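As the structure is a prediction and not an experimental result, all values here were calculated from the model. Lettering follows sequence order; numbering is per chain, from 1.
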There are 2 protein chains.
Amino acid sequence: MLTTEEMCRKFRALGLKVTPQRRFIFQVLEGNPHHPSAEAVYAEVRAFIPEISLATVYNTLRELVDLGELRELNLGDGKSHYDPDLSNHQHLVCVRCHAVADVTCDIGGLTLTPEQSRGYRLLGTDVTFYGLCPACQQQADWPGQALHLWGVSPAA
Amino acid sequence: MLTTEEMCRKFRALGLKVTPQRRFIFQVLEGNPHHPSAEAVYAEVRAFIPEISLATVYNTLRELVDLGELRELNLGDGKSHYDPDLSNHQHLVCVRCHAVADVTCDIGGLTLTPEQSRGYRLLGTDVTFYGLCPACQQQADWPGQALHLWGVSPAA
DNA sequence: TCCTCAGTTTAGAATGGTTATCGTTTAATG
DNA sequence: CATTAAACGATAACCATTCTAAACTGAGGA
């Protein structure tokens, strides 16, 4: 994502207004490494603008995603998370507590041949790793093999 | 997923009962290449058991996922889809209409080094390709670059 | 075959994240 | 300032999924 000031300029250039609400949302997101959910962004922004509406947060996040300034992540906990880091990286998600670690690994070899892509125009590739974070490995209450996740092929 | 008869045996062996509802759900799923949603399974099963409850479909799907007999997929349309094909394959999803094509590509090289995995115990890796299906490429109403998806890095 | 009971089903209510509605307010332009 | 399209806030609506509680039933044993 661009810096807050750059985002403000970009919004104005697109005919979108820069409101205090939006500026604070930009600031909360700028450089944020925590992959916050909409609710988490809402909570942070309310420290500055207590009367802000959750709908405004959702609207602004959506706009940033549509502008390609924000990545929307599915971490398997049923809510969207947001990542202002647009650099080429992947995520390693704890299947128990949904903690996230950024990882960077070369996915250059991951391409589809023309016959594999079946006429689709390829736009992007998502690679997500699933595992147990260090803290959750200590807990005994994990049922083991059960990986009721979204399309996970077993680890090598 | 196992065949319907094998699933019935497996359920009994685990102390789970085999009801008509469950047997028909097994049959709808067996060899099903359409990545159906819960609602879609419900619609199909109702052709045989009109009085079945949607909750029963959800419960049975959940059980199969927990048993490792069914893969739960997130195709970006806000609902879970189910895939009885447990073989090592990936999915190519249309970002506009959410059509899905199975693809098989070697993800053997996709591993994390110990320092990359940061103490996580790696359990699985999800690779999903996003694109525009042939039919949707014909439509002019696609806004172009907008990829408000779940964590997609741009195509090479 | 019949009993028994843990496990299952059902309808409908509840939940939770997200989006839509709509009347009011406001940023940006001139 | 005046204008106006855009944005805001409050809250209702939406939708996939899960929960609840009462009624039902599969499967092993008497």
Distance-only donor-acceptor check, side chains B:T4 and B:Q27, under 3.5 Å: no

Below 4.0 Å: OP1/OP2 of [N] and any side-chain N or O of [X]:
X     : N      : answer
A:S80 : C:dT18 : yes
B:Y58 : D:dT18 : no
B:R12 : D:dG26 : no

Steps toward ring-ring contact (aromatic ring centres under 6.0 Å, His included) verdict (A:Y120, B:F129): CA-CA 10 Å; A:Y120 279 60; B:F129 299 95; over 10 Å; no

Pairs flagged by ring-ring contact (aromatic ring centres under 6.0 Å, His included) wherever residues 42-72 of chain B is involved - sequence neighbours left out: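 Residue pairs passing ring-ring contact (aromatic ring centres under 6.0 Å, His included), neighbours aside: B:F24-B:F48.
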
Nearest heavy-atom neighbours spanning B:G76 and B:H98: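 Where B:G76 meets B:H98 most closely, the heavy atoms are O-NE2, 3.4 Å.
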
Closest contact, heavy atoms only, B:C94 versus B:C133: SG-N, 3.4 Å

Per-nucleotide protein contact string for nucleotides 2-9 of chain C, where B marks a base within reach and S marks sugar-phosphate only (heavy atoms under 4.0 Å, - for neither): ----BBSS

What's the [atom1]-[atom2] distance between [X] and [N], to the nearest Å?
X     : N      : atom1 : atom2 : result
A:I49 : C:dT25 : CD1   : P     : 17 Å
B:R9  : D:dA27 : CZ    : P     : 13 Å
B:E72 : D:dT17 : CD    : P     : 8 Å
B:N74 : D:dA16 : CG    : P     : 14 Å
A:E39 : C:dG17 : CD    : C1'   : 9 Å
B:R62 : D:dC19 : CZ    : C1'   : 11 Å
B:L54 : D:dC19 : CG    : P     : 14 Å
A:Y42 : D:dA10 : OH    : P     : 8 Å

Chi angles and distances behind the ring-ring contact (aromatic ring centres under 6.0 Å, His included) call for A:H91, A:H35: CA-CA 10 Å; A:H91 298 101; A:H35 313 89; 5.0 Å; yes

Presence of salt bridge, B:E72 and B:K79, under 4.0 angstrom: no

